[in-house]
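Per chain, numbering begins at 1; letters A, B, ... match sequence-line order.
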Amino acid sequence: MQGAGPAVCLGNDIDTDVIIAGRYLRTKDRSVWAEHAFEDLDPTLAGRLSGAIIVAGRNMGCGSSREQAVVALREAGVVGVVAPSFARIFFRNAVNVGLPVIEAPVSCTDGARVAFDLDAGWVEVDGERYPARPLSEKMVAILRAGGLVPYWRSCR
Amino acid sequence: MSTLSEQILGAPAGAYVDREVDIAFAHDGTGVLAREALREMGVERLPHPERLRLIFDHIVPANTGTTATLQAELRGYARSSGIELSDAGGGICHQVMSEGVVRPGMVVVGADSHTCTLGAFGAFATGVGATDMAAIWASGSTWFRVPETIAVNLTGRLSGAAEPKDVALACVAKLGMEGATYRALEFVGDGAAGISMDGRLTLCNMAVETGAKAGMFHADAATVRYLAEHGVTASPRAPKDCCYERTADIDLVDIVPLVAVPHRVDTVREAEEVAGTHLDQVFVGTCTNGRYEDLARFARIVRGKKVAVRTLVVPASRAVLARAIATGVLADIVDAGCMVAPPGCGPCLGAHAGVLGEGEVCLSTANRNFKNRMGVGGEIYLSSVATAAASAIAGVIAVPEVV
């Protein structure tokens with residue numbers, strides 16, 4: 001499973017409250033979450049997510065179990081999220097909604113060209129290759145299916 | 001020989017296992033999404049509705065038409081699917097589950113990050129997202145990666161005005177916000193036995209603030225006694241020799257009243273260092289510190305006095321509220337000038353009932369002080385109940401005296 005796009009760089013300990021604030025949770029309209037993603041961090045950020053790869057610092061997605069955080073990123077058109085470490089519920093949620101997450105220690109600048117290959121286990125930033133921590137077979141299968149819902153449907 | 005996680009999940013650390021869950025619950029926020037995912041999965045009948053719970057706690061009672069409609073849909077689904085519902089006013093999911101539902105050795109999943117609270121009983125309890133929960137509703141099981149375990153070795157006894165919440169803050173400060181990511185914490189050592197069940201729930205609650213997937217105590221005489229009070233028979237389970245990834249030592253004798261300052265849970269100062277900080281609101285409640293023992297301690301400190309800043313007290317469950325009424329604790333709290341809100345999460349997640357205005361400062365007994373969490377432009381300090389009580393009376397952050 002591969003992906004590529006320009007980098008949007010974030011710092012360490014990006015929490016799920018910052019990804020999508022609690023005040024936007026009471027709806028089933030996913031476009032609302034995409035529109036307000038990262039609003040409290042940088043109101044212009046949501047407009048730059050389509051086709052991008054988020055390159056975050058350590059402990060990406062810490063805090064709440066709110067799945068709206070990963071749905072917001074997927075709905076906004078994020079291709080994948082790269083970070084040296086993820087909070088575990090965020091990581092699991094990302095797999096479940098079909099948003100590729102790549103655990104790799106990279107650093108970069110906004111706009112850098114990022115590519116990843118989950119099967120081969122690497123991520124590249126401006127041509128420089130870093131090893132990515134492999135996912136379990138089941139996680140890759142869920143991601144490849146596009147998330148846990150389509151995976152479930154394909155297994156039944 | 002195994003850690004608690006290895007014993008309960010039945011495999012060594014690092015292994016991936018599929019396990020049936022004993023109890024799975026979601027709240028009004030995550031339940032709506034789980035229901036949506038289940039619909040998309042095309043699942044009509046649930047194999048084990050008796051293992052499932054829906055607990056309305058995040059926005060109770062409903063604050064807008066939208067919220068009310070979402071809750072009504074979920075209420076209807078609970079009725080038609082056979083899932084037991086704890087409706088508005090019943091209390092916070094983790095507290096309701098701690099009142100005689102969760103027992104030692106169980107596998108518990110909740111669609112809320114603070115599900116780790118229930119490890120206080122020696123259960124393996126962890127948080128998942130809504131789609132995970134839908135798959136659990138549909139199948140009765142899920143997969144886990146068995147975590148490596150960090151032992152938090154507690155020695156000595158708490159003294160002075162220090163509380164288990166101060167230990168929880170010290171633990172988060174020691175390990176850091178990602179110090180235990182993907183791991184379990186086991187609270188062990190001679191000091192663990194001296195911590196009450198309410199205190200153990202507080203400590204396990206904040207395990208996730210270190211990134212941990214579970215926080216656990218071994219079931220002992222105190223666990224058995226607490227569960228008996230809630231109509232459940234259980235047996236103590238002695239720890240086995242096992243291989244911990246590492247050990248973090250905390251001597252309870254050294255613990256003093258602490259405060260996490262905005263906007264990080266692991267940025268912790270002695271209450272004395274931030275004493276005098278202006279406050280606009282004090283909030284006592286949440287799945288961290290809204291239990292009876294907490295309310296009773298708060299009442300003991302404010303009894304016969306008046307709070308000097310708006311103070312919101314939210315019991316964690318109906319059972320907590322009922323007991324606080326019966327013992328006079330609630331009357332003391334109301335007489336001191338506090339506002340009491342219905343059992344639930346209150347303003348902790350910034351959704352309703354007590355959110356902060358731009359620039360307002362709150363001292364809260366909750367577990368998170370992320371930027372803007374309780375309202376845009378607000379600042380959140382986290383403390384124990386005793387520190388919150390002393391501060392409510394002073395109108396600024398204050399160091400509690402021994403009561």
Rounding to 0.5 Å, atoms CE (B/Met41) and CG (A/Leu148) come to a distance of 6.0 Å
Value for CG (A/Asp17) from CZ (B/Arg368), rounded to nearest 0.5 Å, stands at 7.5 Å
Is it the backbone or the side chain of [X] that comes under 4.5 Å from a heavy atom of chain A, or both, or neither?
{"X": "B/Ala138", "result": "both"}
{"X": "B/Gln71", "result": "neither"}
{"X": "B/Ala111", "result": "backbone"}
{"X": "B/Ser139", "result": "both"}
{"X": "B/Thr66", "result": "side chain"}
{"X": "B/Glu36", "result": "side chain"}
{"X": "B/Asp18", "result": "side chain"}

Do the side-chain N and O atoms of A/Arg92 and B/Thr142 include a donor-acceptor pair separated by under 3.5 angstrom? yes
Among side-chain atoms of A/Arg66 and B/Ser113, is any donor-acceptor pair under 3.5 angstrom?
no
Looking at A/Ala87, is its backbone amide N or carbonyl O close enough to the side chain of B/Tyr182 to form a donor-acceptor pair, meaning the two atoms are under 3.5 Å apart? no
**Asked** So, the side chain of A/Glu67 versus the backbone of B/Leu33: is there a donor-acceptor pair under 3.5 Å, distance only?
**Response** no
If one checks every heavy atom of A/Thr16 against chain B at 4.5 Å, the contacting part turns out to be neither
Applying a strict 4.5 Å limit to non-hydrogen atoms, the region of A/Asn96 in contact with chain B is both
Based on non-hydrogen pairs under 4.5 Å, which of [options] is most in contact with chain A?
{"options": "B/Leu349, B/Val355, B/Leu70, B/Asn63", "value": "B/Leu70"}
{"options": "B/Met374, B/Lys371, B/Arg264", "value": "B/Arg264"}
{"options": "B/Asn367, B/Leu38, B/Ile59, B/Val265", "value": "B/Ile59"}

Is there side-chain contact between [X] and [Y], with at least one heavy-atom pair below 4.5 Å?
{"X": "A/Arg23", "Y": "B/Val376", "answer": "yes"}
{"X": "B/Thr131", "Y": "A/Asn93", "answer": "no"}
{"X": "B/Tyr16", "Y": "A/Lys138", "answer": "no"}

Those residues of residues 38-46 of chain A that come under 4.5 Å of chain B on a heavy-atom basis, listed by number, are A/Asp40
Those residues of residues 47-64 of chain A that come under 4.5 Å of chain B on a heavy-atom basis, listed by number, are A/Arg58, A/Asn59, A/Cys62, A/Gly63, A/Ser64
Point to revise | Basic-acidic side-chain contact under 4.0 Å: A/Arg88, B/Glu178 | key: no
Answer key: most heavy-atom pairs under 4.5 Å with chain B among A/Phe86, A/Tyr151, A/Phe91, A/Phe90 is A/Phe86
Looking only at A/Gly147, A/Gly22, A/Ser136, most heavy-atom pairs under 4.5 Å shared with chain B are made by A/Ser136
Looking only at heavy atoms, the pair that brings B/Val128 and A/Ile89 closest together is C-CG2, 4.0 Å
All heavy atoms of A/Ser65 vs all of B/Asp112, minimum pair found to be OG-CA, 3.3 Å
